[in-house]
Amino acid sequence: PRQGWLAALQDRAVLAALAWDLGLLLLFVGQHSLMATEAAKAWTSRRFGVLQRSVYVACTALALQLVMRNWDAVPRGPVLWEARAEPWATWVPLLCFVLHVISWLLIFSILLVFDYAELMGLKQVYYHVLGLGEPLALKSPRALRLFSHLRHPVCVELLTVLWVVPTLGTDRLLLALLLTLYLGLAHGLDQQDLRYLRAQLQRKLHLLSRPQDGVAE
């Protein structure tokens, strides 16, 4: 049976699990933020050169793996909400699934706008080999303005994945609250940024929909 909130706050096993999970989240947030500072970028650039972005992505993936593999669930803890009675037990998980699929599709479309190869650090290596310089230096002023306002490109979609769930238990609530706070601090879009994003998405979709050379229309 699940505990109430008051009982959970007095249960050392629950508190220990939440403290462990909080430590994992702080490890991920700390790595993700500290390595994005100018001082850390300068240090990794001196040590790894053009691989600076790739090193950052690899460290982020490692930190995320540590969180996922070592997360301590709290099955007996209280829940903020839970869809148990019919028809909610059937329809709520289905609705959550549909919204999650839509969110991941939107994330994919945003990656098209932001240039996935550059986000992963692959484009930097390619440009370096060809002597083209730093990809970011070739961006338009509107793109540079957007990057200065937005540290994480998929805030709304990730918030949907975090919160739109059939059951929001204690450890999931901790995850959603902390990452919501973190994403909120990293989000600073305005109308000009949104117009630029919309125009870039339309341009990328138009390029993808064009017939390839040698393919009959």
Side-chain angles (χ1 to χ4, degrees), residues 1-11 13-29 32 60-61 63-114 116 119 150-191 193-195 197-198 200-202 204-206 208-209:
R2 293 188 179 274
Q3 297 175 311
W5 290 98
L6 183 59
L9 292 176
Q10 299 174 346
D11 189 329
V14 172
L15 294 178
L18 292 178
W20 174 260
D21 293 339
L22 178 61
L24 290 173
L25 287 174
L26 292 178
L27 171 66
F28 172 73
V29 169
H32 205 59
T60 298
L64 188 57
Q65 282 293 315
L66 288 174
V67 173
M68 293 189 296
R69 292 179 178 273
N70 296 283
W71 188 263
D72 194 356
V74 187
R76 295 192 304 110
V79 296
L80 192 61
W81 65 70
E82 183 176 16
R84 299 181 61 182
E86 292 294 348
W88 308 113
T90 299
W91 289 106
V92 171
L94 180 60
L95 176 62
C96 292
F97 173 77
V98 171
L99 291 176
H100 281 215
V101 170
I102 294 174
S103 295
W104 286 113
L105 289 175
L106 288 173
I107 288 173
F108 174 73
S109 69
I110 292 173
L111 289 178
L112 288 178
V113 173
F114 274 78
Y116 184 75
L119 287 174
L150 182 63
R151 292 182 57 195
H152 207 294
V154 289
C155 293
V156 176
E157 295 77 11
L158 285 180
L159 290 179
T160 301
V161 173
L162 286 171
W163 288 99
V164 181
V165 290
T167 301
L168 189 66
T170 314
D171 56 298
R172 179 68 181 223
L173 178 61
L174 174 67
L175 174 70
L177 284 174
L178 188 60
L179 291 186
T180 297
L181 177 62
Y182 180 64
L183 290 172
L185 294 175
H187 197 284
L189 290 178
D190 57 20
Q191 290 186 352
D193 294 326
L194 293 174
R195 285 196 294 268
L197 280 173
R198 183 166 57 250
Q200 288 298 305
L201 177 59
Q202 291 173 350
K204 294 292 179 67
L205 292 177
H206 175 69
L208 290 175
S209 64

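No experiment lies behind these values; they were computed from the predicted model shown.
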Novice: Tell me if a side-chain donor or acceptor on D11 pairs with a main-chain N or O of A7 at a distance below 3.5 Å.
Specialist: no
Novice: Using side-chain contact (heavy atoms from CB on, under 4.5 Å), reason through L95 and V164 one step at a time and then give a plain yes or no.
Specialist: CA-CA 9 Å; L95 176 62; V164 181; 5.7 Å; no
Novice: Between R172 (side chain) and A73 (backbone), is there a donor-acceptor pair under 3.5 Å?
Specialist: no
Novice: Look up atom CG in L22 and atom CG in L15, then write down how far apart they are to the nearest 0.5 Å.
Specialist: 11.5 Å
Novice: Report yes if some heavy atom in the side chain of W163 is under 4.5 Å from a heavy atom in the side chain of L168; otherwise report no.
Specialist: yes
Novice: Return the CG to CH2 distance between L80 and W5, rounded to the nearest 0.5 Å.
Specialist: 5.5 Å
Novice: Nearest 0.5 Å, please: how far is CG in L26 from CG in L178?
Specialist: 6.0 Å
Novice: Given L66 and F28, is the side-chain contact (heavy atoms from CB on, under 4.5 Å) satisfied, shown in steps?
Specialist: CA-CA 8 Å; L66 288 174; F28 172 73; over 6 Å; no
Novice: Under the side-chain contact (heavy atoms from CB on, under 4.5 Å) rule, what do V67 and W71 come out as? Steps first, then yes or no, please.
Specialist: CA-CA 6 Å; V67 173; W71 188 263; 3.9 Å; yes
Novice: Which one of L158, V161, L162 satisfies the side chain to side chain contact (heavy atoms under 4.5 Å, CB included) criterion with L179?
Specialist: L162
Novice: Distance check, rounded to the nearest 0.5 Å: E157 atom CD versus L99 atom CG?
Specialist: 12.0 Å
Novice: Check T90 against P93 and note the closest heavy-atom contact, atom names and distance.
Specialist: O-CD, 3.5 Å
Novice: Between CG of L159 and CG of L183, what distance do you get to the nearest 0.5 Å?
Specialist: 5.5 Å
Novice: For the backbone of D72 and the side chain of D21, can you confirm whether one donor and one acceptor N or O come within less than 3.5 Å of each other?
Specialist: yes
Novice: Can you tell me if W81 uses its side chain to pair, donor with acceptor, with the backbone of V165 under 3.5 Å?
Specialist: yes
Novice: Say whether, by atom type as modelled, one donor and one acceptor occur between the side chain of T167 and the main chain of E82 under 3.5 angstrom.
Specialist: no
Novice: Between D171 and L175, is a side-chain contact (heavy atoms from CB on, under 4.5 Å) present by the stated rule, with each step listed?
Specialist: CA-CA 6 Å; D171 56 298; L175 174 70; over 6 Å; no
Novice: What is the distance from atom NE2 of H100 to atom CG of L105, rounded to the nearest 0.5 Å?
Specialist: 13.0 Å
Novice: When you compare the side chain of L25 with that of L174, does any pair of heavy atoms fall below 4.5 Å?
Specialist: yes
